Structures are given as structure tokens and as C-alpha cells.
Amino acid sequence: MEVGYVDIYEKIVELLKRRGFLWPSFEIYGGLRGFVTYGPLGIELKHRIEEKWREWFIYKQGFVEIESPIIMPEVIFKASGHLDHFTDPVVECLDCKRKFRADHIIEDATGKVAEGLGIEEIEEIIEKENIKCPECGGRLGKVGQFNLMFKTTIGPYSENRGYARPEAAQGMFVEFKRIFTVTREKLPLGIAQIGKVLRNEISPRKGLIRLREFTIMEVEVFVDPEDLSCPKLSEVEDEELKLVTADMRARNEEEPLIVTAREAVDKGYISAEWQAYFMVISKYFISSLGIPWERQRFKEQMPWEKAHYSKQTFDHEIYLQRFGWVEVAGHAYRTDYDLKRHMEHSRVDLTVFKRFKEPQIIEKIVVQPLKEIIKSDFGDNAQKVFSMLKNVNPMDIKVSFDKKGYYEFDGIRIEPKHVKIEKKTEKITGRRFIPHVFEPSFGADRLVYATLECSYSVKENRVVLKLPRDLAPIQVAVFPLVNKDNLPSTAQRVWMSLRDEGIRAMYDNSGSIGRRYARADEVGVPIAVTIDYQTQKDDTVTLRDRDTWQQIRISVHDLTNELLDYFKGRKNFEELGKSSK
RNA sequence: GCGGGGCUAGUCUAGCCUGGUCUAGGACGCCGGCCUCCCAAGCCGGUUACCCGGGUUCAAAUCCCGGGCCCCGCACCA
């Protein structure tokens, strides 16, 4: 450990609890790991982060937001592949540490179907049949159940199974058809969702880093697979990205590669423009939370780490003092995996139609049955001939006629006299395809922690949370300098007028003025307004900056507008009260 | 899930080994009052705790057992 090392995590957790940002849920019943409750200040901060994410990933992109249910019927997760990837019993070899599907091992060794057996049964069979590790012949350990989805029943029938979603994405895929329609059938289409997801983690840890119930912020961008270019990449293509690619990781190179977004695509580090584009936006968004670029990087997942649906995934990681590099976002190229699977399982057409710029005129051969002749030649078989002719590629018939003089199908010989072969021109106005999907996906709770850690500072032995001004749960603190001579009542009037304007303001008159500044600093209030004796003379108040403790005077008349400018980022602290006539 | 460490007020902690003197001590915070013309000042008063359950004992914060939670390592993290 370095000299002077202070474990900031402990201090932050203590602060969060003490000031009511967040704490472990169900404390009075002893608590339950993996669940947290956000208090008054914490939920405000989280909402600010979510709102900022909306700005970057929805509003600036022209995307749309939805809210879909958390509980979904089993069939959706059958289609999405989550059921198969989550409910399997797993057994570990005690010698070589390899892991196996326990039911597959039994099937391979005994030939019996083992799917759907309980853990105990599988364990029993492994013991009875003396099944060994198929790789090294070692002894097998206990069978574990690795089902990360929370299971429930919907309504009174136990066979009506449902699961809590482990990602919000499925909501976007399942509802894709209607959203595509109501947004007037345009690609690229970006659908976003912010919401709770649940994962029944075996062993949640590390406070906000690994929860069982948490908030996820996801976008699914649906694009034409024949045009994977991202029109907005050019706006940000010179922005630098820090990459640790899978190749580099395979060579144990951890020092990130610094390339521009454009280079990363051109040199093939990032498989698609959309991926690169979102990684830049991701950098902007995370940086706007006050998390310095030095503490960010993108790490590509190794092939075996990737989710079943992903072609390429880059994790956006943030360096945290206690936990090291922590994933806060994943940028995945999901291809057409999900829509395809939902098409197969729902039997609903989820393809989209795209009009060509110019309709294409194509020549095409059409085979028209000559009904009378067919009827008289084939009698009862005529119906069969008609349907066959409908389904066969006309070109095959023509080729066969040219070669052999007839076309034979199922013992039926069609001769040129039975049909009329014509050339027809056809106008094709577009094509149908399954869109491909790019997905940036963020963990809101991890971002809350990372934001707090990066804003945590100590000044003159006091804690100052240097939250970006647009994230601060409380924007302004209003104090009377002392509790006499009518200062409190004036201060309260100022406080109320700020609140009326929609500024989140607090009033505090307990203790000394220094104590109040300290209390406000600790929860990251950017600006304190102090009403003093000067106020009674010239109607000005003191503004004090949280980070510099610098003070300026400003007239009460201008106060609200100046503060609104400040919080919208139009003015910095030093500029307040100036040129405001 | 395995192994190690821990849990005393809002927060941090003393006490635990060696049971009784603990109606559990301190600091900070918080609330009320006084004071106070700008950075956790001072004075007075108030506030709040032995993680839960069982056992041993005349007597348990202290010893034993089970459970919960937190931290660390391993495993897990589609």
C-alpha cells in the first residue's frame, strides 16, 4: 500500500449512510445483501445522472424512450437465450477446475436424458454411476445451480412461469414492431430504456458495484445490415479512444492503445462505426459526471467472456481506488440475434421493409398453367400440378424444358403444352431484412458510486463533494449570517423565492456560519447564499463557491436569474453578478 | 458456495481475551437554548447502542451454537 493511502471507499460509504444518500436495504430486519435503498439525496443524484444520460443518449441522438415491464413470460427468455444460459446445473472438476453442464455430462456418460433433473438427482446419478471429469478423469465436485434470473409465477397457475428481466433490452426487442411503426418506419431507429433489472447473483459484493436489483440504462439502435455506417461518426471521429483489445489482452498487453475513433474503425479494432460512435458519446457522458478521462478506458471482452448474442463487446471501465478497473458500460454489437430469435418463437414477422431510392425493374420468367389442358391430361392430379407450379422456381422449368423437353416432379411429367412461359417485367420497390442492433448499456448504480468517488475531496480536514453543478442534489443553501436582527426572516424569504423558481434550495440556521458551510460542502451544494448586515443596507447577498470558498456579492434582485444561468452552465461562479444588467 | 476477519447510539469507537464493579464510557454529529458581522469557535441542556435467535451460568456486550449482514481472498459475474 502506498504511503498516505486512505481507503476512500470506507469514508464514502460512511458519508452516504450518515447523510442519507443510500444504505443497505431492510436494515431493521438485519439487511439483505445485494439490495440498497436510495435516500433523499441519493435518489436526486441518481435522477440527475439518468437525466444526463438521456441528454447524451436519447435527446441528442433523436432516439425514443420506452418503459416496458420488469416481469416477462418465460417464452421471451426462451427466445432471447437467457433461459438456456441461466438455468443450467454446473459441476466443477475438483482436479482441473473445468466446469461442465452437469446434465450434459450425465447424458454423455450414460446416454440417459438428464435435462430437467433436480440438483440432488444429478448429484445422485453422478455418484451412483461414478461419473468422472471427461477431460482429466478427476473427481467431480458439488453440482451448483446457476440460475441468475429471478423466477416467479404469473397469476394463480404455477405452470405460468415468468422471470424478472436481467436486462432491459428484451423489452425493446419484443416491442420493436410497434415502435418501428409508430416512429414511422425509419432506420436507424434508437430505442432507449432506463429501468430496474434483477439478477440473482450468487454472491453480491462491494456495495453499489454488484447488486441483485439495479438500474440499467440501455439503447438499442436498429440499423440496416447492408449499411452499417454511422452518419454521425464524422462529427466525433477525431476524438481519442483508449482501447485494450482482445488481441492485446491475449498478448498480456494492458497499456491501452490510443487511437481516434476513425482510426479504430479503419484499422479494424472496432468492428463497426456505430460502436466507435457510441464509445465516443460514452466518453463524453462519463466525463460529464466529473470522472476524469485518465480513469477511463475501453476493454474488449475475450471471445469466451462475451454474451451469447454479441459479436463484439467493449466494456467502458472506470478506475476505482478500491476495486480497480470496474465495468460501467458495455458496447455490444448484437447483430440480428435477438430479433431473429423472437421471430422464430413468436412467428411474427419482425423484418422491416426498405424502399429503394429508385424502384428496380427486373425481368422475370412467369409460368402460367394452361388449366384446360392440365385438367384433361392429369384428371384428379390436376390440383397437385397447380400447386406444384406455384411453388417451383419458373427458371427450373424453363431450363428443364430447354434441356430435356419436359419437367418432372414427383413422377408427374409436365410438358411445354401444359404451360405458357412468359417474360414479365416486375417493379421491385424495396427489400425486407432483419435489422442489426448496436447496444450501449450502462449500470446507473455503479455510475452513482464512481461519480461520488471522483467528486470526493478533503479540504482543510473537511469533506467537500465536488459534484458537477448539474448533478448536485441540492443546488443552493441559504443561511442567515447570525440568528438575530431579522436576518433569519430575510433569509427565509430568499430561500422561498428560490424554491418558487424551481431551484432546489435548503435553509439552515443552526450552529455557526462555518458549520453550515461545512454541512453544505459535505453533500456537494455548489453555492451558498448568505444574508448579512450588508443585505439590510443595499439589498445584496454573499455568494460562496463550494470548491474555492471564494465569495462575491450580488443583488437580491438578480439572484434567481444569475443562479439559473449558473446551473445551466451559461455562467461560471466568477461571472455571476457581472454584466447582468 | 468455500476460507479468513468483523458487527457496541446518526457516525467512529472503549469494553470482550480473564463473565459481576456496564442502570455500557468517550469523541464527533444531531435537536433545543445562549452567544456569534463569514468557514466544523464557545457555553448550557437534550438525544440515541451491545446484529438476531438459542444455550451455558446465580450472573452474558463478554463464553458456546445457529442465522443475518459487512469486509478481504477464491469461485461466480450469460
Side-chain angles (χ1 to χ4, degrees), chain A residues 7 9-11 13-20 23-35 39 77 80-88 90 92 94 97 99 119 141-149 166-167 169-170 197 199-207 209-212 214 301 304-310 313 315 322-323 326-327 330 332 334 337 443 459-464 477 479-485 487 508-522 528-537 541-546 548-551 553:
Chain A
D7 192 346
Y9 175 83
E10 298 280 356
K11 298 202 173 264
V13 168
E14 183 265 320
L15 172 68
L16 297 185
K17 249 177 157 173
R18 189 163 46 78
R19 297 302 305 265
W23 55 85
S25 302
F26 324 126
E27 274 180 316
I28 66 165
Y29 286 104
L32 182 60
R33 68 233 280 220
F35 297 91
F77 297 112
S80 72
H82 286 89
L83 212 50
D84 287 334
H85 287 81
F86 270 56
T87 59
D88 296 333
V90 174
E92 188 185 57
L94 295 172
K97 300 289 176 200
K99 286 204 164 55
I119 297 295
K142 276 187 141 184
V143 175
Q145 171 82 33
F146 291 91
N147 183 348
L148 285 163
M149 282 197 291
E167 59 170 8
Q170 293 311 320
V197 300
R199 298 181 188 185
N200 204 357
E201 297 283 352
I202 296 161
S203 175
R205 283 275 172 85
K206 300 171 181 173
I209 305 303
R210 204 132 137 248
L211 296 169
R212 288 196 168 110
F214 57 100
Q301 291 185 0
W304 57 86
E305 292 173 331
K306 283 186 305 185
H308 56 279
Y309 48 72
S310 173
T313 301
D315 287 340
R322 179 137 180 192
F323 307 117
V326 169
E327 173 197 350
R334 296 182 77 133
Y337 176 87
K459 180 168 183 171
E460 295 182 15
N461 228 7
R462 290 161 29 170
V463 172
V464 181
F479 309 134
L481 181 62
V482 291
N483 282 311
K484 58 181 184 185
D485 302 324
L487 293 182
D508 187 358
N509 71 342
S510 90
S512 66
I513 186 72
R515 184 178 297 259
R516 290 176 224 150
Y517 285 141
R519 268 198 289 257
D521 287 345
E522 192 179 47
V529 176
T530 302
I531 280 68
D532 50 31
Y533 286 97
Q534 188 76 22
T535 310
Q536 297 175 332
K537 290 180 199 147
V541 294
T542 302
L543 293 194
R544 175 232 187 224
D545 180 53
R546 175 196 66 199
T548 61
W549 297 4
Q550 186 194 340
Q551 299 193 342
R553 293 205 73 85

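Just so it is clear, the structure is predicted and the values come from calculations on it, not from any experiment. A note on names: the letters A, B, ... follow the listed sequences, proteins ahead of strands, and every chain is numbered from 1.
Computed from coordinates, the A:E522 CD to B:U11 C1' distance equals 10 Å when rounded to whole Å. The nearest whole Å value for the distance from the CH2 atom in A:W23 to the C1' atom in B:A9 is 17 Å. What separates CZ of A:R33 from C1' of B:C7 is a distance of 14 Å, to the nearest Å. Distance A:N200 CG to B:C76 P: 17 Å, rounded to the nearest Å. The CZ-P distance, from A:R199 to B:A78, rounds to 7 Å in whole Å. In this structure, A:H82 atom NE2 and B:C77 atom C1' are separated by 13 Å, rounded to whole Å. When rounded to the nearest whole Å, the span between CG of A:D521 and P of B:G29 equals 15 Å. A:F323 places its CZ atom 7 Å from the P atom of B:C71, with the value rounded to the nearest Å.
Taking the side chain of A:H308 as heavy atoms from C-beta on, and the options B:C72, B:C30, B:A78, the nearest nucleotide is B:A78. Closest to the side chain of A:Q551, from the set B:U36, B:C39, B:A78, is B:C39. Taking only side-chain atoms of A:V482, from C-beta outward, the nucleotide of B:U36, B:C77, B:U11 with the closest atom is B:U36.
Between A:R515 and B:C30 there is a side-chain polar atom (N or O) within less than 4.0 angstrom of OP1 or OP2. Considering only side-chain N and O atoms, A:S512 lies nowhere under 4.0 angstrom from the phosphate OP1 or OP2 of B:C38. Here A:Y9 reaches the OP1 or OP2 of B:C71: one of its side-chain N or O atoms lies under 4.0 Å away.
Comparing A:E14 and A:A518 against RNA chain B, the residue whose closest nucleotide sits nearer the 5' end is A:E14. Comparing A:K484 and A:W549 by the nucleotide of RNA chain B whose heavy atom lies nearest to each, the residue mapping closer to the 5' end is A:K484.
In this structure, A:Y309 and A:H82 have tilted ring planes: the angle between them lies in the 30° to 60° band. Ring planes of A:F26 and A:F35: tilted class, angle from 30 to 60°.
Side chain A:D532 to base B:C37: no donor-acceptor pair is found below 3.5 Å. No N or O donor and acceptor, one from the side chain of A:R18 and one from the base of B:C28, sit under 3.5 Å apart. Between the side chain of A:R462 and the base of B:C39, a donor-acceptor pair under 3.5 Å is found. Side-chain to base pairing of A:R544 with B:C39: one donor and one acceptor N or O lie within less than 3.5 Å of each other. At a cut-off of 3.5 angstrom, the base of B:C38 holds at least one donor-acceptor pair with the side chain of A:Y517.
To the nearest 0.5 Å, atoms CE (A:M149) and OG (A:S80) are separated by 6.5 Å. Summarising the geometry, atom CZ belonging to A:R19 is positioned 10.5 Å from atom CD belonging to A:E14; distances are rounded to the nearest 0.5 Å.
Across B:C63 and B:U56, the matching C1' atoms stand 8 Å from one another, rounded to whole Å. When the P atom is compared between B:A60 and B:A24, the two are found 16 Å apart, to the nearest whole Å. Rounded to whole Å, the P atom of B:A61 lies 15 Å from the corresponding atom of B:C7. Across B:A40 and B:C30, the matching C1' atoms stand 13 Å from one another, rounded to whole Å. For the C1' atoms, the distance from B:C71 to B:G29 is 25 Å, rounded to whole Å. Taking atom C1' in both B:G5 and B:C77, the straight-line distance is 24 Å, to the nearest Å. B:U11 and B:C31 are spaced 16 Å apart, taking the P atom of each and rounding to whole Å. Taking atom C1' in both B:U23 and B:C28, the straight-line distance is 25 Å, to the nearest Å.
Distance alone, capped at 3.5 Å, places no donor-acceptor pair between the A:Q301 side chain and the A:S310 backbone. One N or O on the side chain of A:R516 and one on the backbone of A:G511 form a donor-acceptor pair closer than 3.5 Å.
Base pairing of B:C58: its partner is B:G20, meeting the Watson-Crick or G-U wobble criterion (both donor-acceptor distances under 3.5 Å). Base pairing analysis places B:C43 opposite B:G33; the two distances defining the Watson-Crick or G-U wobble pair are each below 3.5 Å. Across every strand in view, B:G66 sits in a pair with B:C52 that passes the Watson-Crick or G-U test at under 3.5 angstrom. Under the Watson-Crick or G-U wobble criterion, with both distances below 3.5 Å, B:G1 is paired with B:C74.
Just one residue in the list A:R553, A:Q551, A:Q534 forms a side chain to side chain donor-acceptor pair (under 3.5 Å) with A:T542, and that residue is A:R553.
Of the N and O atoms on the side chains of A:S510 and A:R519, at least one donor lies less than 3.5 Å from an acceptor on the other residue.
At the heavy-atom level, A:G20 lies nowhere under 4.0 Å from the strands shown. Using a 4.0 Å heavy-atom cutoff across all strands shown, A:Y309 reaches at least one base atom of the nucleic acid. Residue contacts for A:S510: at a heavy-atom cut-off of 4.0 Å it reaches the sugar-phosphate backbone alone, with no base atom in range. The residue A:L487 sits apart from the nucleic acid: no heavy atom pair falls under 4.0 Å. A:E27 comes within 4.0 angstrom of no nucleic acid atom, judged by non-hydrogen atoms across all strands.
B:C37 has A:Y533 stacked on its base ring, the centres lying under 5.5 angstrom apart and the planes within 30 degrees of parallel.
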